[in-house]
Amino acid sequence: MLHIDLRYGDWNIGLYTVEVADGVGKVSDRAFTQKGLQTALRINREGDLDTQSIFHRLKGGDTTAALGLSTLAQDRMTLRLEAAWEQQRELPVVSHFRYDHTERQGYLKMVLGTQISLNGGWEFTAEYLHNTHGYENTEWNQVRAQVDLAQMSLQSTQAQDAAEFLINSYDLLKVGQLRREYLFFMWGNTRLEKKFQYRQSIHYNMDDHSQLQSLECTQNWTEHFSTRLQAQLFTGCKRCEYGLIPNKGSSAAECQIPL
């Protein structure tokens, strides 16, 4: 690995070059990265408007660009914008009982958000995500149609192909956001160490109106003993992203005793 770092005033420029091994895409069985030389250029500036730019290129491949902007407003509010442009799509294209290669047309993922710090260690976060990697309505209907057909084919001569397709379909939920427009809200008092800590969040899919709601409560009884309760609730129709998840909710409780 080669690393060159240059500083001038508020500016910081870093150049990284590294040799990487093979990587294989999990869902589509396609190599997302190939063995070869990767180069990354990072340009940072610290000031009233913190700026960070990253350019990444794989030898013989495409260039990925990312931009981050953040600023402090009224001492309690932080505004930020993060965007990334990639040639290769994160999600594969669906066909009959399989997911084919990903498209290479240029895709944008952008987050616009704010964080507000309140008294007592409380914070509120609101974010909007625009993700062109995600499936649009026509593509999502094709995915759902193939999932429905695979479920009906589990007792047919195509049972093996149908079962493998359903497994790959549920694996898509682990990739990240499957659609294009999202809102995220989070509030809690976890910024400071307190006896009782509370955090609640909502992921809202603007395309199909499904939701993922999360709750976490931690009680620090003593310096050496604490309990934590976690819960998740998935809401939405059977053809919605969060409605696809077989379990409509989950919960967990644990005790921590440092030794």
Side-chain angles (χ1 to χ4, degrees), residues 44 46-52 54 66-84 90 109-131 134 170-236 240-259:
N44 294 349
E46 296 180 356
D48 294 337
L49 179 64
D50 293 338
T51 306
Q52 178 172 262
I54 298 176
L67 173 67
L69 303 173
S70 65
T71 186
L72 184 65
Q74 299 180 353
D75 295 332
R76 289 178 173 265
M77 177 185 295
T78 301
L79 304 176
R80 69 183 183 93
L81 169 68
E82 296 179 358
E90 293 178 350
K109 180 180 287 188
M110 180 185 69
V111 176
L112 178 63
T114 182
Q115 185 177 65
I116 303 174
S117 299
L118 304 174
N119 294 331
W122 289 85
E123 287 183 335
F124 173 76
T125 300
E127 295 178 346
Y128 164 74
L129 170 65
H130 176 70
N131 176 32
Y170 287 117
D171 282 343
L172 280 178
L173 297 173
K174 305 175 184 177
V175 173
Q177 295 81 12
L178 301 183
R179 304 302 302 275
R180 299 201 165 196
E181 309 285 340
Y182 291 86
L183 292 174
F184 170 76
F185 302 99
M186 190 276 289
W187 53 94
N189 67 338
T190 58
R191 183 163 54 93
L192 299 178
E193 289 291 336
K194 290 194 169 187
K195 284 191 174 183
F196 178 74
Q197 294 181 321
Y198 175 93
R199 181 171 61 187
Q200 185 176 0
S201 63
I202 297 176
H203 293 78
Y204 180 73
N205 184 323
M206 299 175 65
D207 291 310
D208 60 26
H209 310 297
S210 61
Q211 298 182 36
L212 163 59
Q213 301 184 38
S214 302
L215 174 67
E216 180 178 324
C217 298
T218 301
Q219 178 67 47
N220 298 304
W221 300 96
T222 68
E223 183 179 354
H224 302 288
F225 177 66
S226 64
T227 56
R228 181 169 59 180
L229 173 66
Q230 293 177 303
Q232 287 186 323
L233 176 64
F234 306 95
T235 60
C240 298
E241 178 180 2
Y242 294 122
L244 284 175
I245 301 174
N247 298 324
K248 296 303 179 184
S250 63
S251 61
E254 66 177 33
C255 297
Q256 295 183 348
I257 306 176
L259 300 177

| What is the distance from atom NZ of Lys195 to atom OG1 of Thr222, rounded to the nearest 0.5 Å? | 9.0 Å
| Partners meeting side-chain contact (heavy atoms from CB on, under 4.5 Å) with Glu123 (sequence neighbours left out) | Gln115, Ser117, Arg191
| field | Nearest-0.5 Å distance, CZ of residue Arg228 to OG1 of residue Thr218 | value | 5.5 Å
| task | Find the distance between OH (Tyr242) and CG (Leu212) and round it off to the nearest 0.5 Å. | result | 5.5 Å
| task | Check whether any side-chain N or O of Asn189 sits under 3.5 Å from a backbone N or O of Gly121 as a donor-acceptor pair, and report yes or no. | result | no
| Under the side-chain hydrogen bond (donor to acceptor under 3.5 Å, both in side chains) test, which residues partner Trp221, sequence neighbours left out? | Thr227
| query | If you measure from CD on Gln213 to OG1 on Thr235, what distance do you get to the nearest 0.5 Å? | reply | 5.5 Å
| said: The criterion is side-chain contact (heavy atoms from CB on, under 4.5 Å); which residues satisfy it with Leu69, sequence neighbours excluded? | reply: Leu49, Thr51, Leu67, Leu81
| said: Could you go through Thr71 and Thr78, starting from their C-alpha distance and side-chain angles, then the distance that decides it, and tell me whether this counts as side-chain contact (heavy atoms from CB on, under 4.5 Å)? | reply: CA-CA 6 Å; Thr71 186; Thr78 301; over 6 Å; no
| request: Could you tell me which residues satisfy side-chain hydrogen bond (donor to acceptor under 3.5 Å, both in side chains) with Gln177, sequence neighbours excluded, listed by chain and number? | output: none
| query | Where do Leu215 and Gln200 come nearest, in terms of heavy atoms and distance? | reply | CD1-CB, 4.2 Å
| side-chain hydrogen bond (donor to acceptor under 3.5 Å, both in side chains) partners for Asp208, two or more places apart | Asn205, Ser210
| said: Which residues pass the side-chain hydrogen bond (donor to acceptor under 3.5 Å, both in side chains) test with Arg180, not counting sequence neighbours? | reply: none
| request: Identify, with sequence neighbours excluded, every residue that meets side-chain contact (heavy atoms from CB on, under 4.5 Å) alongside Thr114. | output: Met77, Leu79, Ile116, Ala126
| task | Rounded to the nearest 0.5 Å, what's the gap from CE on Met186 to OG1 on Thr190? Could you check? | result | 6.0 Å
| Would Glu241 and Tyr182 count as having a side-chain donor-acceptor pair, cut-off 3.5 Å? | yes
| query | Under 6.0 Å from the CD atom of Glu46, do we count more than 12 heavy atoms belonging to anything else shown? | reply | no
| field | Interatomic distance, Gln232 atom CD to Ser201 atom OG [nearest 0.5 angstrom] | value | 8.0 Å
| query | Between Lys109 and Leu129, which heavy-atom pair has the shortest distance, and what is it? | reply | CG-CD1, 3.8 Å
| task | Return the set of residues passing ring pair (Phe, Tyr, Trp, His ring centres under 6.0 Å) with Phe184 (not counting sequence neighbours), or none when no residue passes. | result | His203
| field | Set of salt bridge (Lys or Arg N to Asp or Glu O under 4.0 Å) partners for Arg80, sequence neighbours left out | value | Glu82, Glu127
| task | Applying side-chain contact (heavy atoms from CB on, under 4.5 Å), run through Tyr198 and Glu216 and close with a yes or a no. | result | CA-CA 6 Å; Tyr198 175 93; Glu216 180 178 324; over 6 Å; no
| What pairs with Glu181 under side-chain contact (heavy atoms from CB on, under 4.5 Å), at least two apart in sequence or on another chain? | Tyr128, His130, Met206, Asp207
| query | Does some side-chain heavy atom of Asn119 sit less than 4.5 Å from a side-chain heavy atom of Arg76? | reply | yes
| said: For the CZ atom on Arg199, are there more than 12 heavy atoms of other groups (residues, nucleotides or ligands in this structure) within a distance under 6.0 Å? | reply: no
